[in-house]
There are 4 protein chains.
Amino acid sequence: MSTTFEICRDRFERLRAHKAFELTVITIIVVSALLIGAKTYEETNRFQQWLLVMDVAVTVFFLVEILIRMAAEKRLRDFFRKGWNIFDFLIVTASLIPLDDSEMVLLARLLRIFRVLRLVSMIPELRMLMAALVKSIPRMGYVALLMFIIFYIYAAIGSFLFAEVDEFLWANISTAMLTLFRVATFEDWTDVMYATQELYAWSWIYYLTFIFLTAFIFLNMMIGIVLDVMQKESAQMEIESGEGEAAELHGLRHDVRQLSAQLDRMEAALGDRQRGARVDRRVED
Amino acid sequence: MSTTFEICRDRFERLRAHKAFELTVITIIVVSALLIGAKTYEETNRFQQWLLVMDVAVTVFFLVEILIRMAAEKRLRDFFRKGWNIFDFLIVTASLIPLDDSEMVLLARLLRIFRVLRLVSMIPELRMLMAALVKSIPRMGYVALLMFIIFYIYAAIGSFLFAEVDEFLWANISTAMLTLFRVATFEDWTDVMYATQELYAWSWIYYLTFIFLTAFIFLNMMIGIVLDVMQKESAQMEIESGEGEAAELHGLRHDVRQLSAQLDRMEAALGDRQRGARVDRRVED
Amino acid sequence: MSTTFEICRDRFERLRAHKAFELTVITIIVVSALLIGAKTYEETNRFQQWLLVMDVAVTVFFLVEILIRMAAEKRLRDFFRKGWNIFDFLIVTASLIPLDDSEMVLLARLLRIFRVLRLVSMIPELRMLMAALVKSIPRMGYVALLMFIIFYIYAAIGSFLFAEVDEFLWANISTAMLTLFRVATFEDWTDVMYATQELYAWSWIYYLTFIFLTAFIFLNMMIGIVLDVMQKESAQMEIESGEGEAAELHGLRHDVRQLSAQLDRMEAALGDRQRGARVDRRVED
Amino acid sequence: MSTTFEICRDRFERLRAHKAFELTVITIIVVSALLIGAKTYEETNRFQQWLLVMDVAVTVFFLVEILIRMAAEKRLRDFFRKGWNIFDFLIVTASLIPLDDSEMVLLARLLRIFRVLRLVSMIPELRMLMAALVKSIPRMGYVALLMFIIFYIYAAIGSFLFAEVDEFLWANISTAMLTLFRVATFEDWTDVMYATQELYAWSWIYYLTFIFLTAFIFLNMMIGIVLDVMQKESAQMEIESGEGEAAELHGLRHDVRQLSAQLDRMEAALGDRQRGARVDRRVED
């Protein structure tokens, strides 16, 4: 029975990895998602009924596929050790919740949207993209902390000075931080500034220094990430392919060391010959 | 007759590739386009009449050029196999539609603007730029898909929670996605947020996480494209020119291998000599 | 006694550098900062009282740590020679100012926020980030000067031409520069343009050239910084690690020079042998 | 007398290149420029009178410097052959125009601002920055042309479809292009879209495709410039300094070729020796 499972699993894996099948499933998921969005599910024409059937088919396919993958593990616990397995399990489970359109329509529709996440776990390129995003989170932690400190100090000064100008924008530090985020996105920031400038004519210094600081740090953050991604990417590629300049240089150095070893042998042989020749000459003399 | 065609084709090609001719045609097309834009065609002064004549001359030139190129092919089908030929054919055909200024002026003007596209098929640098844009479309597909998923989920949550706040912005998922695109471009996004904050004070979390996610993914997309373009560009350039560090390294490795072969010969000769010498000594002894 | 100090200092340094301790202190500082921001200090529940105690503990810890570091120096003057020591001293001193919540609450709250800066001097990654920011300031000086010149000239023209249109925006050069900064951030810049276009229909040239110039220069500035950071970063990394292509190339060249020296010895020996052999032959003749 | 001129010119050149002098002149120019901007020239306190004297001194210094440089040339025509000389001459001449504050104050003030440009011709770093900007203009030409074509076509469609919606924004192609530039900078673009959506519900496709196209092309333009600047910059630096990997590789290849020549000599010598030895042996036989 184990072999039947393995054959089944292999077949499902192969079917899932097939480009044409993948493209069909992506199209079904995206189009049905768009149709929910366009609120056109009510008027059921032929095309939509056919799509509904396909949507159910996709749901069933993924249910069967995950059940086979779960059965393939020796213990069920092992299945839940991989992050992507848990992710797949949650999405498949969520897509199984019955959608009773008569009653709580909105909540049902909200649940149905999480079906779109099946795309992420299905397409390998999206899995890699997601993994790259998750990996870069710790790197961004310290920059985010520095940004928080700058926002916090400016927000404290802002709520201290400008609270009487506009209670809505500068009431306390938390609202002031939100207002500063608005300023950092350049969203009607001059309205905020002009209001405070009436009381404090020199408040433009506050806004300009804040904008320069945040833009400056964001720039450095971007560069840092670009650099890091570049180096890791290229290093990994050269290790995998054995090509590239680094690999070529390494091979070259190996060649030169072999040359050196050969010369050592020759020098030794020559010295040997010379000593022999010198002995000859002494004998001849 | 075939040779006459070939001479004609060569002459047209050479004329078309000539820098001075190219610059003249670009100037005529751009200036006549600008004049249509400025709605000043009505007052016909001398300069504009002269320009009109030149514009007709350019149209005729391109018509003759494409007819010769079509006649040069053995079968007409072969001509329509290349993408750029179809592109050229469509533009030349569109620029031949007579512009009757008395009646449907606006549509005539709309058709005339597609003449500007002649610039793209004419200037080699623009053709390359367009080809690069077309090439990078599949690479951007997966990032666009991930962006779509994020927009879709946020739009579903937004339309579920905020529909009662503002029917115009959050009525259904499709309008909510448009509203979120507006938020992603920072276009009066605080107005959207302040409205929803009156009912849901914590809705700023919704907007901030959305902005961070989209900006973050966009950043990664940019880096990915930059990296890819860089590597392909530099690899192709070094292959074409035979210069650069990669080519230099390759040459160096070749030199070192020749050295090694030379040393092998010398070592063999030396060993030969030494054996000969040893034979000598034994003979002498 | 000096050794007791040293042991104490070492212990504090080790405790401070410990990841778990660092994380705890960061959490305490950030959460207490957030609580000040949320204005929820008034309602003292158990969690907040516990946090207040922890906050005082952190303050005392840093006070003791800096006192030990000061006592460890032979002369107090030496302590204040390092920039980071002065930074630490100011922050610790500022966090010791008693916070009398009854009277000048706002100023007290303003002083308390500078405690967040303890994060910068505490976390090595943030110290490095700050050092990198300080280092890149002179590099940005000349670009800032060029930007100032462009802003100044456009502001002068703007205040000369548009002062009668809108006194608030174009009254003098300084307000015009602020208005131009607003235009550079795309903040309601069309409102500014549409107003001036009523008097000067061609004023869109003024705005478009300004936007292109500033965006263009900013782009070049960004590239310049990216390039500079990249080169310095990679150069320093290769020097520190002794790895990388530059180090590999250097080592390779050293190897080749050793080969050359070895060949010189061999050639000399061979010449010696040959001369010897020639002498032999002459003797034999 | 020619030598007196040369000594004078050398002294002025050296004084001008002196860092302390340069910094003083920059400070005087910038501060006096800021004072004009702040409209505080009227209230003449001591500091400003002193600054006015310094400003005149700087003007006289540059006048004398340029006169000496002009006199140093054999023919006056040669002086005006260099771009920077013409630039300097125009600025010095413009700064000599008398500023009669009583009458046409505004025009006088406008002329005075061009004195700030003296900074550009004075500071070598700014000259290089300006030269880099001028150099990159042709590279940007084709991208600008492509952008123009996209703007033009969208503007034509826009003015054809949306003219009846809002005469102010879409009256003709030129105003439509300005409106599209506003959309490209995300400046209240939703207001523009919402207005047209009332008549054409699907007009969001028009705006979204336009935003994606322009943002996409701008991205490619940025990457192209970054790549080009990087390659040219690094190539020039390595040529100038004789350092870097390219120079190291070049030197390495030279070393290896010398090794090869040395081996050729040795092989020839060895062959010579061997032939000699063989002759010996034959003779001995």
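Order of the sequence lines fixes the chain letters, A, B, ..., with proteins taken first and strands second; residue numbering starts at 1 for each chain. Predicted, not measured: the structure shown is a model, and the values here were computed from it.
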For residues D:F210 and D:W189, establish whether the separation of their ring centroids is below 6.0 Å.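 That pair fails the under 6.0 Å test.
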
Name the region of C:Y207, side chain, backbone, both or neither, that has any atom closer than 4.5 Å to a heavy atom of chain D.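 For C:Y207, neither part sits under 4.5 Å from chain D.
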
C:M193 versus chain D, heavy atoms under 4.5 Å apart: side chain, backbone, both or neither?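 Just the side chain, heavy atoms under 4.5 Å.
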
Is it true that a side-chain atom of D:T179 and a backbone atom of D:L169 form a donor plus acceptor pair closer than 3.5 Å?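 Confirmed, D:T179 side chain pairs with D:L169 backbone.
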
Interchain contact, D:F168 with chain C, by part (heavy-atom threshold 4.5 Å):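 For D:F168, the side chain is the part near chain C, not the backbone.
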
When only pairs under 4.5 Å are counted, which of C:W204, C:F186, C:F148 shares the most heavy-atom pairs with chain D?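 The residue among C:W204, C:F186, C:F148 with the greatest pair count is C:F186.
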
When you look at CD of C:E198, are more than 12 heavy atoms from neighbouring residues, nucleotides or ligands closer to it than 6.0 Å?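 Atom CD in C:E198 is not crowded, with 12 or fewer foreign heavy atoms closer than 6.0 Å.
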
Please work out whether the ring planes of C:F89 and C:F80 are parallel, tilted or perpendicular, with thresholds of 30° and 60°.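 Answer is perpendicular, since the angle exceeds 60°.
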
